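Quantities reported herein were computed from a predicted structural model and do not represent experimental measurements.
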Amino acid sequence: GRAFPQTLKLGNGVNVFNVTTLNIGSMANRDCGQLTFNTASGTLTVRAVSGTGRASVKIGVGTVTTGYVATNAFNATGHNIDMLLHTLTIGDEARGGGSTYLFCFDSGTIDTTGMRIGCRPAAGIPNAAGVTHTYLASIGGGSLTVGTNGIVMGENLNSRTNATIIPTVEIWGGSVTVNGPVYMYR
C-alpha cells in the first residue's frame, strides 16, 4: 500500500484522539495520508494521551527521501474541531518529488504553541529544478490561536534543493491570533 494514500475517514459522531502525535503521511518513503470525514456531520477533538494536555499534529513530516509525488491532507471543512497542540506542522520533509500538503478547517478551535508550514530539513535528497512543493493552511472560520513560537513558513535548511517551495496561509474567516513571531522564508 505504499504507492497509494492511506485515508482515515471519520464518522458522524464525536471523534476523540488522545495521542502524543497525530501523524498524517509522516512515516515512510512513499507514504502519503489523508484525514477527512465520511459524512456531512461529526466532530474531532485532539488532545495528549492524558486527555487534557497538548498533542502534536504532523502532516507530511519526517525523513522521507523518495522522489514519489504525494498529497498529505487534513480536511475538516464543515466539521467542528477542537485541538490543543504543541505544534501544528504542515510539510517538513525532504521528499524529492513535488508534493502537496493541506490543512483545512472552518469551525471550532485550535490552540497551538507554534505552527510550521512548508519547511525543508537539512538532510535529504536534492530536488531537480522545476519540482514544486505546495503547502496550504486554509482557515475559513473558527478560532486559531498561535502561541509564542509563532509561525515559520518556508524555512529551507536543505542547501541541495532546487525546488520551488510555496507555503500559503489563507484566512477566509474566523478569528486568528498570533502571539509570537512570523518568519517567512528565513
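- Inter-residue side-chain proximity for I139 and F105 is flagged as met; some heavy-atom pair is nearer than 4.5 Å.
- In this structure, F37 and N15 have side chains that are in contact, with non-hydrogen atoms separated by less than 4.5 Å.
- Rounded to the nearest 0.5 Å, atoms OG (S138) and CD (E170) are 5.0 Å apart.
- Not a single donor-acceptor pair under 3.5 Å links the side chain of N179 to the backbone N or O of T148.
- In this structure, the side chains of N72 and E93 come closer than 4.5 Å at one or more pairs of heavy atoms.
- In plain terms, the two heavy atoms of C104 and T77 that are nearest each other are CB-OG1, 3.6 Å.
- Cluster membership check: L84 does not share its hydrophobic cluster with L44, using side-chain heavy-atom separations under 4.5 Å among Ile, Leu, Val, Met, Phe, Trp and Tyr.
- Taking both residues in full, the closest heavy atoms of A76 and I81 are given as CB-CG2, 3.6 Å, listed atom of the first, atom of the second, then distance.
- In this structure, a donor-acceptor pair under 3.5 Å is absent between the side chains of T87 and T89.
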#### Entry: Chi angles and distances behind the side chain to side chain contact (heavy atoms under 4.5 Å, CB included) call for T132, I166
CA-CA 7 Å; T132 300; I166 306 172; 3.7 Å; yes
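- Taken together through direct or relayed side-chain contacts under 4.5 Å among Ile, Leu, Val, Met, Phe, Trp and Tyr, V169 and M184 form part of one hydrophobic cluster.
- Classified by interplanar angle (parallel below 30°, tilted 30° to 60°, perpendicular above 60°), the ring pair Y101/H133 is tilted.
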### Task
Check step by step if side chain to side chain contact (heavy atoms under 4.5 Å, CB included) holds for L35 and L22.
CA-CA 10 Å; L35 186 145; L22 174 58; 4.3 Å; yes
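- The CZ atom of F103 lies 8.0 Å from the CG atom of L144; values are rounded to the nearest 0.5 Å.
- For the atom pair N75 CG and L10 CG, the distance stands at 11.0 Å (nearest 0.5 Å).
- No donor-acceptor pair closer than 3.5 Å links the side chain of N12 to the backbone N or O of G42.
- Remark: I90 CD1 to R116 CZ distance equals 11.5 Å, nearest 0.5 Å.
- L88 and I165 fall within a single hydrophobic cluster, where Ile, Leu, Val, Met, Phe, Trp and Tyr are joined by side-chain heavy atoms under 4.5 Å apart, directly or via other members.
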#### Entry: Steps toward side chain to side chain contact (heavy atoms under 4.5 Å, CB included) verdict (E155, D92)
CA-CA 9 Å; E155 181 177 45; D92 194 345; over 6 Å; no
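- Taking the side chain as every heavy atom from C-beta outward, R54 and D111 approach each other to under 4.5 Å.
- G154 and C119 make their closest contact through N-SG, 4.2 Å (heavy atoms, listed as atom of the first residue, atom of the second, distance).
- A donor-acceptor pair under 3.5 Å is absent between the side-chain atoms of T112 and the main chain of M115, judged by distance alone.
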### Query
Run the side chain to side chain contact (heavy atoms under 4.5 Å, CB included) check on D82 and R47 step by step: do they pass?
CA-CA 9 Å; D82 178 7; R47 294 284 189 277; 3.1 Å; yes
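- Grouping the Ile, Leu, Val, Met, Phe, Trp and Tyr side chains by contacts below 4.5 angstrom, directly or via other members, places L136 apart from V176.
- Atom OG1 of T168 and atom CG of L102 lie 10.5 Å apart (nearest 0.5 Å).
- With hydrogens and angles ignored, the 3.5 Å screen pairs no side-chain donor or acceptor of H79 with any backbone N or O of T36.
- Side-chain atoms of T21 and N23 form no donor-acceptor pair, as typed in the model, at a separation below 3.5 Å.
- At a threshold of 4.5 Å between side-chain heavy atoms, the hydrophobic network of Ile, Leu, Val, Met, Phe, Trp and Tyr places V19 and I24 in one connected group.
- Contact detail for L8 and F17: the closest heavy-atom pair is CD2-CZ, 3.8 Å.
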